[in-house]
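What follows is a set of notes on a single structure, which appears directly below.
Heavy-atom basis, side chains included; hydrogens, waters and symmetry copies ignored. As the structure is a prediction and not an experimental result, all values here were calculated from the model.
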Amino acid sequence: MTVQILTANRLGDGAVVYRAQAGGWTERLSESLVLVSTEDAAETLAGAETPEASLEIVGPYLMPVDNSDGEIRPVETREFIRAKGPSVAFGNGHQAENTPLSLAG
């Protein structure tokens, strides 16, 4: 099995969060609960999909990571971007011009 962690978005503000080693949720990837067995991963995901959890988080899913040297690192580009934040600075491109984005040529 691939080593995984559980990720979601916090319902209140949309922040990316991870199931924490200490319980609850954390914004820090380094504090994530590493799931090494299929059973633990399935159980942890099921717990995050309960109606009670849906009041705190939305869209929980398992995310593969590499922790071969003890540091938790995303292995997929999408997850790297989610962990580090936007890949472009706000205020560049069409946002800076204050004009709506148009699909028309």
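- Thr7 places a side-chain N or O within donor-acceptor distance of the main-chain N or O of Val17, the cut-off being under 3.5 Å.
- By the 6.0 Å contact criterion, OH on Tyr61 is enclosed, its count of non-hydrogen atoms from other residues, nucleotides or ligands being greater than 12.
- Looking only at side-chain heavy atoms (C-beta outward), Leu33 and Leu6 stay at 4.5 Å or farther from each other.
- With rounding to the nearest 0.5 angstrom, the CD1 atom of Ile57 is 8.0 Å from the CD atom of Glu49.
- A pairwise comparison of heavy atoms in Tyr18 and Met63 identifies CE2-SD, 4.1 Å as the closest pair.
- The two residues Ala8 and Pro60 have their closest heavy-atom pair at CB-CA, 3.8 Å.
- Between atom CD1 of residue Ile72 and atom CD of residue Gln21 there is a gap of 6.0 Å, rounded to the nearest 0.5 Å.
- Residues Ala53 and Gly47 approach most closely at CB-O, 3.8 Å, considering heavy atoms.
- Taking CG of Leu35 as the reference point, atom CD of Glu43 lies at 10.0 Å (rounded to 0.5 Å).
- Residues passing the side chain to side chain donor-acceptor pair (under 3.5 Å) test with Glu27 are Arg10, sequence neighbours excluded.
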Would you sort out whether Leu29 and Phe80 count as a side-chain contact (heavy atoms from CB on, under 4.5 Å), showing the intermediate values?
CA-CA 10 Å; Leu29 190 61; Phe80 179 82; over 6 Å; no

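- Under the 4.5 angstrom side-chain criterion for Ile, Leu, Val, Met, Phe, Trp and Tyr, the cluster partners of Leu11 are Val58.
- Between the side chains of Arg19 and Thr44, no donor-acceptor pair is found at a separation under 3.5 Å.
- Residues Ile5 and Glu79 fail the side-chain proximity criterion, which asks for heavy atoms closer than 4.5 Å.
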